[in-house]
Amino acid sequence: MNYAIIGTAGHVDHGKTALIEALTGFVGDTLEEEKRRGITINLSFSSMQNATTNVAFIDVPGHEKLLKNMIAGAFGFDGSLVVVDANEGIMPQTKEHLEILNLLHVKNIIVALTKKDLATPEAIEQRKYEITEHFKSLSNLKLVHIIPVSIYDKTSIETLKDALFALPIVEKKSNGLFRYYVDRSFSIAGAGTVVTGTVLDGSIKVGEKIFAPESEKEFIVRNLQVHDQDVPFALSSQRTAINLQSASKTLFEKGVLLCKKGFIRGFDCADVWVESIGGHALKHNAKVNLFVGTKQIEARILFYESESELKNGFAKLQFNQKLFLVHGEPFILCASGRTIGGGHVLNPINDPMKKKVKLELLKALHVKDFKTAFTILVEMHKRGFGIISSNQRFGLNHDEALAIAKGMEGIFVDEKGLVLYPLSTQNELFAIIQAIYKKNTYALLSANSLSLKLKWASTSFIENVLQSLCEQGILSFQNGIYKNANIDISNIENMVEERIYDILVKSEFTPDAPYNIYDDLDIDRKMGDDALKSLTRARKVVRLEHNIFVSSTALSELIAKMRELMRNENGIDIKSFKEHFDFSRKYLVAYLDYLDQFADVKKEGTRRVLM
Ligand SMILES: Nc1nc2c(ncn2[C@@H]2O[C@H](COP(=O)(O)OP(=O)(O)OP(=O)(O)O)[C@@H](O)[C@H]2O)c(=O)[nH]1
Ligand SMILES: [Mg+2]
């Protein structure tokens, strides 16, 4: 089954709701106020189906004061049924709605010339001409048919129906992320909270977790319905009701975004492409109403290239809350209740960068030149540019992003960690690693231990540099670790044990934690741990606590001194112990606890005494 969402558009009273009823039998305008005023106020949802296609309708209001409801509906449209009264022709909201569809790239349009029973054939021909002419200025729209109809003429309705089922739907470029803006929410006794909306991208399954980034809350999807039928999953372009487990209705007002956790970050600004419509001017620093999905908030436009007005161009939109936008996401701008323009998001992630560089980035993103965009961003993120966020940042899935990265020169691509590094950073890493091996001739490190030390560099990036140092004859790889090529160690394990033991003996009663010792020696952690285990097995070293290893000689010496204290001072506690040995509390406690394993020591309150 193919699914398409077709929304109505057109001037007030031109017959949108009556036409939907003629097509589907669905009676809209059920609110008392809608009946009284004879106009549509809220969006309404209905559908029709044939053997292969399900067409879902979103019926919108045409009244100029209800524009915001129309816009909220329009974000879910795959195509549109534009309704024009055959006598009145194109009117202000016909124009405004068409501009909105054009800004949102809704593309395929069927125009229904309604109330043909009241119009002369000449009027109909004249309207067809005017409409065809008008569409010439709407470059993102395709006028597929103009069909004269009357709700009283069944044949015309059937013709329209066939055309709607056959309306080509442009395949949307998916970025692979589930996204959904709530348009309504309600509580159902026994089922909890249900929200309705349109799946804009990706898919969702029953039992899956769903994330509301604005409230940072996660919910389990208890049930899904598409056109009143329970379904195991819902896909892009499906009007979907989601029943959420243990969710409060108040969390889901209109405009709330639902997605999957961990893929989208929120920012209080976004870089965009904007264009004005209908002769409206977009002014630098102007306050506007931003519509995105079913969300409506205030925003400020800041131009990068002009301090005054622009017809179109690159801009930064500043919000007073965090928005979770994605690359390519369209938006509409309104001021004083009218549509003044719109555009799409180019860069949803706020990286501080110079204006000149930002403009270069935006120009590249605008023409989908991702290679240039990647190059700019890699240069900006010297410590590694993560392409894990490519879905949000570029609308690319990880494979697409990797393919672009691999085609680039002068960068290192960590395919596993999805991180890109510039060559200047690679050279820096060469220098850092060589300095370590110079300082510590007996350094024995792995990529893993170096990555723990450097933190910013990924293991594969380090491994790559280490291997190339081996190829250059500077390092050599032995027993899973890298050592200076010019030193000869016949038994690495023995050497590591000796070096650690040496340090433990020297540091006597208060040795450092093992990881600090390994770091000082530049020894791989796993190798260090193995050596300590072996020393402990050989009883050369005793483990006092999980992080305190002392040499057996130091331990015996100290225990003898503690016994003497117990004899002289009738026992020992932390205070008296400290008076003689000014160790930190961690060591004092560990040694006192160690006394408990001797049969002749017993505990009396906080004191240990000899029996
Ligand atoms: N004669 C005739 N009247 C029609 C036809 N289609 C609609 N109407 C009438 O036109 C009036 C307005 O129709 P609606 O369907 O409410 O118009 P609308 O476009 O939905 O209006 P809004 O939603 O408020 O923008 C109603 O009285 C309809 O009965 C038609 O084909 N022929
Ligand atoms: Mg209506």
Side-chain angles (χ1 to χ4, degrees), residues 5-48 55-74 76-77 79-101 106 109-128 131 134 145-164 183-184 239 332 334 337-339:
I5 296 177
I6 294 182
T8 61
H11 200 71
V12 66
D13 261 355
H14 276 199
K16 298 177 287 298
T17 307
L19 192 54
I20 292 295
E21 186 181 342
L23 286 163
T24 66
F26 176 84
V27 183
D29 295 354
T30 47
L31 286 182
E32 194 278 322
E33 192 186 347
E34 289 177 323
K35 282 193 226 158
R36 183 164 43 79
R37 296 173 62 188
I39 60 166
T40 301
I41 295 173
N42 283 340
L43 299 176
S44 71
F45 307 96
S46 54
S47 66
M48 61 181 196
V55 172
F57 289 108
I58 301 182
D59 185 31
V60 308
H63 196 286
E64 59 170 343
K65 293 245 165 71
L66 300 167
L67 180 74
K68 62 181 180 27
N69 294 356
M70 183 274 168
I71 298 174
F77 292 6
S80 178
L81 171 60
V82 175
V83 169
V84 180
D85 182 305
N87 276 315
E88 284 198 359
I90 295 175
M91 294 291 280
Q93 268 59 58
T94 322
K95 285 187 190 157
E96 189 169 22
H97 287 188
L98 282 170
E99 292 280 14
I100 290 164
L101 300 178
V106 171
I109 310 285
I110 292 177
V111 172
L113 270 180
T114 50
K115 313 189 192 180
K116 81 172 170 95
D117 51 302
L118 303 178
T120 61
E122 293 73 34
I124 288 173
E125 283 317 302
Q126 177 61 20
R127 295 296 93 83
K128 280 187 178 172
I131 290 164
H134 187 77
H145 301 289
I146 303 178
I147 304 177
V149 293
S150 163
I151 54 171
Y152 305 113
D153 171 14
K154 268 218 159 102
T155 320
S156 71
I157 298 298
E158 284 309 312
T159 309
L160 176 61
K161 212 183 238 185
D162 292 344
L164 286 164
D183 50 41
R184 290 180 301 179
R239 289 278 320 155
I332 298 291
C334 290
R338 296 274 60 83
T339 314

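Ligands are counted one by one from 1 in listed order, and the atoms in each one are counted from 1 as well. Count residues from 1 along the sequence.
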Name the atoms and distances for all side-chain donor-acceptor pairs under 3.5 Å in residues 38-46, with sequence neighbours left out.
unit_1: T40; atom_1: OG1; unit_2: T17; atom_2: OG1; d: 2.8
unit_1: T40; atom_1: OG1; unit_2: D29; atom_2: OD1; d: 2.7
unit_1: T40; atom_1: OG1; unit_2: D29; atom_2: OD2; d: 3.2

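For the Mg ion (ligand 2), the nearby protein N/O/S atoms, meaning those under 2.8 Å, are T17 OG1, T40 OG1.
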Could you list, one pair per line, each nitrogen or oxygen of ligand 1 together with any protein nitrogen or oxygen closer than 3.5 Å, giving atom names and the distance rounded to 0.1 Å?
unit_1: ligand 1; atom_1: 1 (N); unit_2: D117; atom_2: OD2; d: 2.9
unit_1: ligand 1; atom_1: 10 (O); unit_2: K115; atom_2: NZ; d: 3.1
unit_1: ligand 1; atom_1: 15 (O); unit_2: T17; atom_2: N; d: 3.2
unit_1: ligand 1; atom_1: 15 (O); unit_2: A18; atom_2: N; d: 2.7
unit_1: ligand 1; atom_1: 17 (O); unit_2: G15; atom_2: N; d: 3.1
unit_1: ligand 1; atom_1: 19 (O); unit_2: H14; atom_2: N; d: 3.3
unit_1: ligand 1; atom_1: 19 (O); unit_2: G15; atom_2: N; d: 2.9
unit_1: ligand 1; atom_1: 19 (O); unit_2: K16; atom_2: N; d: 2.8
unit_1: ligand 1; atom_1: 19 (O); unit_2: K16; atom_2: NZ; d: 2.9
unit_1: ligand 1; atom_1: 20 (O); unit_2: K16; atom_2: N; d: 3.4
unit_1: ligand 1; atom_1: 20 (O); unit_2: T17; atom_2: N; d: 2.8
unit_1: ligand 1; atom_1: 20 (O); unit_2: T17; atom_2: OG1; d: 2.8
unit_1: ligand 1; atom_1: 21 (O); unit_2: D13; atom_2: N; d: 3.0
unit_1: ligand 1; atom_1: 23 (O); unit_2: T40; atom_2: N; d: 3.4
unit_1: ligand 1; atom_1: 23 (O); unit_2: T40; atom_2: OG1; d: 2.6
unit_1: ligand 1; atom_1: 24 (O); unit_2: T40; atom_2: N; d: 2.9
unit_1: ligand 1; atom_1: 25 (O); unit_2: D13; atom_2: N; d: 3.4
unit_1: ligand 1; atom_1: 25 (O); unit_2: K16; atom_2: NZ; d: 2.8
unit_1: ligand 1; atom_1: 25 (O); unit_2: G62; atom_2: N; d: 2.8
unit_1: ligand 1; atom_1: 31 (O); unit_2: K115; atom_2: N; d: 3.4
unit_1: ligand 1; atom_1: 31 (O); unit_2: I151; atom_2: N; d: 2.9
unit_1: ligand 1; atom_1: 32 (N); unit_2: D117; atom_2: OD1; d: 3.0

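Residues K68 and C334 have side chains not in contact (no heavy-atom distance under 4.5 Å, counting atoms from C-beta outward). You'll find the side chain of L67 reaches within 4.5 Å of the side chain of I100, heavy atoms only.
With sequence neighbours excluded, no residue forms a ring pair (Phe, Tyr, Trp, His ring centres under 6.0 Å) with H97.
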For R36 and E32, run salt bridge (Lys or Arg N to Asp or Glu O under 4.0 Å): C-alpha distance rounded to whole Å, both residues' side-chain angles, the deciding distance at 0.1 Å, then the answer. CA-CA 6 Å; R36 183 164 43 79; E32 194 278 322; 3.7 Å; yes
Is there a side-chain contact (heavy atoms from CB on, under 4.5 Å) between M70 and Q93 once you walk through the steps? CA-CA 10 Å; M70 183 274 168; Q93 268 59 58; over 6 Å; no
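Ion pairing of D13 with K115 is absent here, as no side-chain N (NZ or NE/NH1/NH2) approaches a carboxylate O to less than 4.0 Å.
In this structure a side-chain-to-backbone donor-acceptor pair under 3.5 Å is missing from T339 to E96. For S80 (side chain) and I109 (main-chain N/O), no donor-acceptor pair under 3.5 Å exists by modelled atom type.
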